[in-house]
Amino acid sequence: MVTMTEESTEEAIGHFNFVLSLEHETDDKELLSIANFWKGRLPADEGRYDQALEFAVRAETWPWK
């Protein structure tokens, strides 16, 4: 979240990807949903709405496919 507020988009994506890589290591579905939601905000802020929608759908559904 800090890197997002500092507009360090690539670094923020790296942090969210790390959290999402823990999918099989944690049962915390809420954490994974939140990471997908915020990762989706990054492309939305840049006008890439199709990619943002993909992450929003992932955030909303479980398990991910």
Side-chain angles (χ1 to χ4, degrees):
M1 297 300 299
V2 172
T3 55
M4 280 185 60
T5 60
E6 294 173 347
E7 296 185 11
S8 300
T9 304
E10 293 303 315
E11 188 176 358
I13 289 172
H15 292 303
F16 290 127
N17 284 338
F18 172 75
V19 171
L20 294 172
S21 75
L22 301 175
E23 177 181 352
H24 300 292
E25 307 297 323
T26 183
D27 292 329
D28 191 345
K29 297 173 187 170
E30 185 175 331
L31 174 68
L32 298 170
S33 290
I34 290 169
N36 267 299
F37 172 80
W38 284 106
K39 186 176 175 184
R41 286 292 309 266
L42 296 169
D45 290 346
E46 296 174 351
R48 294 179 286 140
Y49 300 110
D50 290 341
Q51 188 177 12
L53 179 60
E54 176 184 331
F55 289 107
V57 169
R58 286 184 192 177
E60 190 174 60
T61 60
W62 183 264
W64 297 312
K65 297 179 177 163

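Start at 1 with the first residue, then count along the sequence.
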**Q** Kindly say whether F18 contributes a backbone atom to a donor-acceptor pair with the side chain of S21 at under 3.5 angstrom?
**A**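 Yes, S21 side chain to F18 backbone: donor-acceptor pair under 3.5 Å.
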**Q** Rounded at 0.5 Å granularity, tell me how far OG1 in T9 sits from CZ in R41.
**A**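 The CZ atom of R41 is 12.0 Å from OG1 of T9, to the nearest 0.5 Å.
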**Q** Say you draw a straight line from CG of L32 to CG of D27; how long is it, rounded to the nearest 0.5 Å?
**A**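 With rounding to 0.5 Å, CG (L32) is 9.5 Å from CG (D27).
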**Q** State, to 0.1 Å, how close A52 and G40 come at their nearest heavy-atom pair, and which atoms those are.
**A**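 It is CB-O, 3.1 Å.
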**Q** Please identify each residue that fulfils side-chain hydrogen bond (donor to acceptor under 3.5 Å, both in side chains) with R48, with sequence neighbours left out.
**A**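 Listed in chain order: E46, Q51.
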**Q** Supply the atom-to-atom distance E23 CD to K29 NZ, rounded to the nearest 0.5 angstrom.
**A**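 Interatomic distance, E23 CD to K29 NZ, rounded to 0.5 Å: 11.0 Å.
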**Q** Nearest heavy-atom pair of I13 and K39: which atoms, and what distance?
**A**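 Taking I13 first and K39 second, the nearest heavy atoms are CG2-CE, 4.2 Å.
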**Q** Distance from L31 atom CG to N36 atom CG, nearest 0.5 Å?
**A**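 Taking CG in L31 and CG in N36, the distance rounds to 10.0 Å.
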**Q** In Å and rounded to the nearest 0.5 Å, what is the CG to NE2 distance from L22 to H24?
**A**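 Rounded to the nearest 0.5 Å, the CG-NE2 separation comes to 10.5 Å.
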